[in-house]
Amino acid sequence: MRNVLKLTKFESVLIQKIVLKITQINVRDSLKILAERDKKQVLKKVVMIGAIALVVLLAGPLIGNALAAPIDVNTGISNAQTAADTAFMLISAALVLLMTPGLAFFYGGFVRSRNVLNTLMMSFVLMGIVGVTWILWGYSLAFAPGNPFIGGLQWLGLNGVGTEITDYLKGSNPADFVSYAPTIPHLAFMIYQAMFAIITPALISGAIAERMSFTAYSLFVLLWSTFVYSPLAHMVWGKGGLIGLAGGLGALDFAGGTVVHISSGVSALVAAIVLGPRKTFPDRLSPPHNVPFILLGAGLLWFGWFGFNAGSALASGSLATIAFVNTNTSAAAAALTWLILEKVLRGKPTAVGAATGAVAGLVGITPAAGFVTPVAAILIGSITTFVCFYAVSFKHKIQIDDALDTYPVHGVGGTVGAILTAVFATTAVNSAGKNGLLYGNPGELLVELAAIAIAYVVAGVGTFVILKLIDATVGLRVKEVAEMQGMDISEHGEEGYNEEFGDRISVSNKY
């Protein structure tokens with residue numbers, strides 16, 4: 001093998017010359033390649049520089065225009081504000097809806113156990129009935145531009161109601177009022193107002209508990225929400241309404257003193273009179289069957305009321321904060337006032353009294369929440385509760401069977417709250433509002449009294465007519481035997497606590 005690989009001297013010299021020649025060729029080729037690469041790199045650089053120069057030359061006018069027009073940072077802020085306000089309003093709407101089950105438990109705790117389901121259902125059914133009718137026609141009648149007494153029909157079925165934020169009220173008077181809430185979608189405002197429309201007729205059920213047919217009640221709330229609530233909401237809050245700040249008398253009602261509480265309270269009183277008393281009234285009345293239900297319901301109402309009042313600012317911000325603080329302050333002062341009255345006059349403060357007092361304070365602050373200071377909220381809560389406390393006692397003396405004190409708490413509380421709004425309101429809290437009596441504007445008290453009177457007439461007359469119409473057609477009351485048996489069995493075919501089933505088990509265990 002070694003002999004085969006051994007080269008002669010001549011062969012070695014020849015190989016060296018060949019390698020050198022190849023190397024020289026590779027070097028020349030390499031230099032040529034490098035030169036070509038350099039040319040390409042230079043060419044690329046020239047092209048890039050030219051392109052950059054061309055872009056700069058072409059973009060010059062555009063850059064000049066961009067620099068001439070300042071960046072609109074408000075657009076970003078507006079979008080952020082819209083997102084924040086919309087989230088706040090949707091949460092507030094959910095809180096107000098929660099008040100309806102809260103009211104169901106509050107009322108349900110007061111009645112006899114055999115009527116608890118019927119009482120709960122009288123609130124829950126509103127989420128179905130008004131939840132649909134508000135979309136179909138209620139919202140249009142309440143908030144579409146119309147006349148001073150009722151809205152138009154252009155928004156039936158939410159036609160034309162979408163995610164637009166402003167200008168959807170253009171073309172109607174007053175001309176400068178182009179939207180109900182300038183930072184939230186129209187649809188968000190609509191669903192927030194739907195929750196008010198749901199709970200308001202549910203409040204009336206407290207006066208007619210334990211005796212009104214569920215069919216008659218369902219028909220009543222359908223008609224009442226259409227022909228009483230929607231017109232009154234338009235008069236107070238709708239554009240061009242007779243009573244409110246958007247082209248009307250200028251009455252102050254921040255979250256529903258007239259629209260919600262006076263209307264439901266007066267309607268409850270009329271309904272209690274038209275229906276007549278329960279068969280057990282007044283000598284065989286039972287005490288509340290479940291006081292924990294009452295406290296649970298009052299707690300849910302208190303919690304939901306933050307959406308009710310703070311949400312009525314229609315935006316997250318300082319005004320909503322003021323309304324939130326005033327709501328809690330008034331409720332706290334009212335609960336304490338009721339407990340003190342019970343302790344002084346009756347010897348013992350009660351859980352039912354604390355719950356009732358808190359609700360009365362919440363009712364009283366509702367029209368004033370966004371117009372008064374927290375100190376004024378304390379006075380409003382205490383004064384309202386004081387008057388409601390004696391209104392409940394007076395109702396018992398004249399023996400009107402308002403079963404769960406709807407008028408003494410909501411009707412009287414809403415009336416007192418509306419009057420006190422005209423006393424304590426100040427533009428230092430809300431520049432969009434008006435000063436009241438204590439701030440140099442005694443005329444506002446007359447305006448508020450006129451608004452209260454209109455609400456009394458609309459609610460009272462409307463409720464009377466509706467009830468008489470229903471009584472003449474399907475009838476209002478259940479039969480006496482059904483009333484004594486209990487509304488749960490007679491109207492719904494079920495019991496809240498399965499007492500009958502429990503009795504059967506206890507009997508069978510004897511054998």
Side-chain angles (χ1 to χ4, degrees), residues 81-104 123-145 151-169 178-203 221-222 225-226 229-234 236-239 241 244 246 253-256 259-260 264 300-301 303-317 319-320 323-324 366 369-370:
Q81 188 67 47
T82 295
D85 290 346
T86 301
F88 172 72
M89 290 308 301
L90 293 179
I91 293 171
S92 294
L95 286 173
V96 178
L97 182 64
L98 182 65
M99 294 174 69
T100 299
L103 181 71
S123 290
F124 270 84
V125 73
L126 268 298
M127 297 195 296
I129 295 174
V130 181
V132 172
T133 61
W134 187 253
I135 301 297
L136 296 178
W137 64 76
Y139 180 67
S140 187
L141 294 176
F143 288 97
L153 302 177
Q154 58 267 43
W155 291 345
L156 291 180
L158 299 187
N159 177 49
V161 178
T163 57
E164 62 278 0
I165 293 175
T166 189
D167 292 343
Y168 52 82
L169 292 176
V178 295
S179 69
Y180 287 114
T183 59
I184 66 172
H186 189 185
L187 209 59
F189 175 80
M190 181 281 302
I191 197 62
Y192 177 69
Q193 291 297 335
M195 306 312 173
F196 282 70
I198 287 170
I199 193 172
T200 303
L203 295 170
V221 297
L222 173 66
S225 62
T226 300
Y229 181 84
S230 288
L232 196 53
H234 179 77
V236 177
W237 291 328
K239 183 177 182 180
D253 188 355
F254 190 74
V259 180
V260 177
S264 63
L300 290 173
L301 285 170
F303 179 64
W305 226 291
F306 293 125
F308 201 85
N309 286 355
S312 292
L314 302 178
S316 58
L319 184 58
F324 192 109
T366 293

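All figures in this text were calculated on a predicted structure; none of them were measured in a lab.
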Under the side chain to side chain donor-acceptor pair (under 3.5 Å) test, which residues partner S312, sequence neighbours left out?
-> Y192
Considering residues at least two apart in sequence or located in another chain, which fulfil the side chain to side chain donor-acceptor pair (under 3.5 Å) criterion with T133?
->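 Counting only residues at least two positions away or on another chain, T133 forms no side chain to side chain donor-acceptor pair (under 3.5 Å).
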For residues [X] and [Y], determine if any side-chain heavy atom of one lies less than 4.5 Å from a side-chain heavy atom of the other.
| X | Y | answer |
| --- | --- | --- |
| T166 | P182 | no |
| F196 | V259 | no |
| F254 | L319 | yes |

Candidate pair S230 and W134, rule side-chain hydrogen bond (donor to acceptor under 3.5 Å, both in side chains), full reasoning = CA-CA 9 Å; S230 288; W134 187 253; over 6 Å; no
If I take atom [atom1] from residue [X] and atom [atom2] from residue [Y], how far apart are they, to the nearest 0.5 angstrom?
| X | Y | atom1 | atom2 | result |
| --- | --- | --- | --- | --- |
| L156 | L158 | CG | CG | 9.5 Å |
| L126 | M195 | CG | CE | 12.5 Å |
| L95 | L300 | CG | CG | 10.5 Å |

Please list, chain by chain and in numerical order, all residues satisfying side-chain contact (heavy atoms from CB on, under 4.5 Å) with [X], sequence neighbours excluded.
| X | answer |
| --- | --- |
| Y168 | W155, E164, S179, Y180, H186 |
| D167 | K170, V178 |
| T100 | S123, M127, I198, I199 |

Locate the shortest heavy-atom distance separating [X] from [Y]; write the atom from each residue and the value.
| X | Y | result |
| --- | --- | --- |
| M99 | L301 | O-CD2, 3.4 Å |
| L203 | S264 | CD1-OG, 3.4 Å |
| H234 | K239 | CE1-O, 3.6 Å |
| L97 | P101 | O-CD, 3.0 Å |
| S140 | G152 | OG-O, 2.7 Å |
| P201 | V130 | CG-CG2, 4.4 Å |

Determine the interplanar angle of the F324 and F306 rings, folded into 0 to 90°, and report it as parallel if under 30°, tilted if 30 to 60°, perpendicular if over 60°.
-> parallel
Could you list the donor-acceptor pairs under 3.5 angstrom formed between side-chain atoms of residues 84-91 and any protein atom two or more places apart in sequence or on another chain?
from	atom 1	to	atom 2	distance (Å)
D85	OD1	Q81	NE2	2.8
D85	OD1	S316	N	3.0
D85	OD1	S316	OG	2.7
D85	OD2	Q81	NE2	3.1
D85	OD2	T183	OG1	2.5
T86	OG1	T82	O	2.7

Would you say the side-chain atoms of W237 pair up with the backbone N or O of D253, donor to acceptor, closer than 3.5 Å?
->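 Yes; at least one donor-acceptor contact below 3.5 Å.
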